[in-house]
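Bear in mind that the values here come from a model prediction, so they are computed numbers and not experimental data.
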Amino acid sequence: MPAQELLSLTIKVVDARLVSVFDARELELVIAGTAEIDLGDWRTNTEYRGGYHDSHIVVRWFWTAVERFNNEQRLRLLQFVTGTSSIPYEGFASLRGSNGPRRFCVEKWGKITALPRAHTCFNRLDLPPYSSFSMLCEKLLTAVEETSTFGLE
């Protein structure tokens, strides 16, 4: 369930004053809790597009960054890309998009000056071809932690 929908439903069930201190993302974590993310399962069940592949340098940097993230940052990344921080019981192979099963996807997109953007209906991260690991980390963390909506053009 998308975080905003969860927030609306919770406000109908619980006194709005009690949950008004949380934004939608925080409320989902409070209600659903956190889970340890299996990085091997995540990586195995990720597809690549636009010229990226598992051994592409930017993709390797991406996974190195995700490995270095703490679990909360990983959950925020997952929420940024999929719209939810919850992991299906069956693992990443069972991720769903807006119209059925949809694997996590990393697609080559944009210029190195751009932040990554997400398409939550498709579980897709548009990741520019950054020229360094440090640039990728900085831009990815900024996108994941500092934005609530994305892809405005």
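- Proximity of the aromatic rings of Trp61 and Tyr130 is defined here by a centroid distance below 6.0 angstrom, and this criterion is not met.
- For the pair Leu140 and Phe69, the minimum side-chain heavy-atom distance is below 4.5 Å.
- Side-chain contact between Glu145 and Gln73 is present, with at least one heavy-atom pair separated by less than 4.5 Å.
- Side-chain contact of Arg102 with Asn99: a donor-acceptor pair under 3.5 Å is present, judged by distance alone.
- Put simply, Val81 and Phe122 are part of two different groups of oily side chains (I, L, V, M, F, W, Y) that touch within less than 4.5 Å, one to the next.
- In this structure a side-chain-to-backbone donor-acceptor pair under 3.5 Å is present from Arg74 to Glu67.
- Inter-residue side-chain proximity for Phe104 and Asn45 is flagged as unmet; no heavy-atom pair is nearer than 4.5 Å.
- Going from atom CD of Gln79 over to atom CG of Leu75 covers 8.5 Å, rounded to the nearest 0.5 Å.
- Of the charged side-chain nitrogens involved, none lies within less than 4.0 Å of a carboxylate oxygen, so that Arg60 and Asp54 do not count as a salt-bridged pair.
- Listed for the Glu138 side chain is no donor-acceptor partner under 3.5 Å among the backbone atoms of Met135.
- In this structure a side-chain-to-backbone donor-acceptor pair under 3.5 Å is missing from Asp126 to Trp109.
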What's the verdict on side chain to side chain contact (heavy atoms under 4.5 Å, CB included) for Phe80 and Leu125, showing C-alpha distance, side-chain angles and the deciding distance? CA-CA 9 Å; Phe80 175 72; Leu125 176 67; 3.9 Å; yes
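- Between Leu77 and Val66 the shortest side-chain heavy-atom distance falls below 4.5 Å.
- Between the OG atom in Ser85 and the CZ atom in Arg76 there is a gap of 9.5 Å [rounded to 0.5 Å].
- In summary, Arg43 and Asp41 do not engage in a salt bridge, as defined by a charged side-chain N under 4.0 Å from a carboxylate O.
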Does Arg49 form a side chain to side chain contact (heavy atoms under 4.5 Å, CB included) with Arg124? I'd like the steps, not just the answer. CA-CA 10 Å; Arg49 295 185 185 159; Arg124 188 175 85 218; 4.3 Å; yes
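- Pro129 and Ile112 get closest at one heavy-atom pair: O-CG2, 3.0 Å.
- Within the model, atoms OH of Tyr89 and OG of Ser94 stand 11.0 Å from one another, a figure rounded to the nearest 0.5 Å.
- Under the 3.5 Å distance criterion, the side-chain polar atoms of Lys139 are left unmatched by any main-chain donor or acceptor of Ser134.
- A distance of 4.5 Å separates CG of Leu127 from OH of Tyr52, quoted to the nearest 0.5 Å.
- One distance of note links OG1 of Thr44 with CZ of Arg103; it measures 8.5 Å at 0.5 Å rounding.
- Taking the six-membered ring where tryptophan is involved, the planes of Phe92 and Trp42 are essentially parallel, since the angle between them stays under 30° and well short of 60°.
- Looking at every heavy atom in both residues, Trp63 comes nearest to Thr46 through CZ2-OG1, 3.5 Å.
- Side-chain contact between Thr84 and Leu78 is absent, with no heavy atoms from C-beta onward closer than 4.5 Å.
- When side chains are defined from C-beta on, Ser55 counts as touching His53, because their heavy atoms get closer than 4.5 Å.
- Between the side chain of Asn123 and the backbone N or O of Leu95, no donor-acceptor pair lies under 3.5 Å.
- For the pair His56 (side chain) and Val58 (backbone), a donor-acceptor distance under 3.5 Å is present.
- Between atom CD1 of residue Ile37 and atom CG of residue Asn71 there is a gap of 5.5 Å, rounded to the nearest 0.5 Å.
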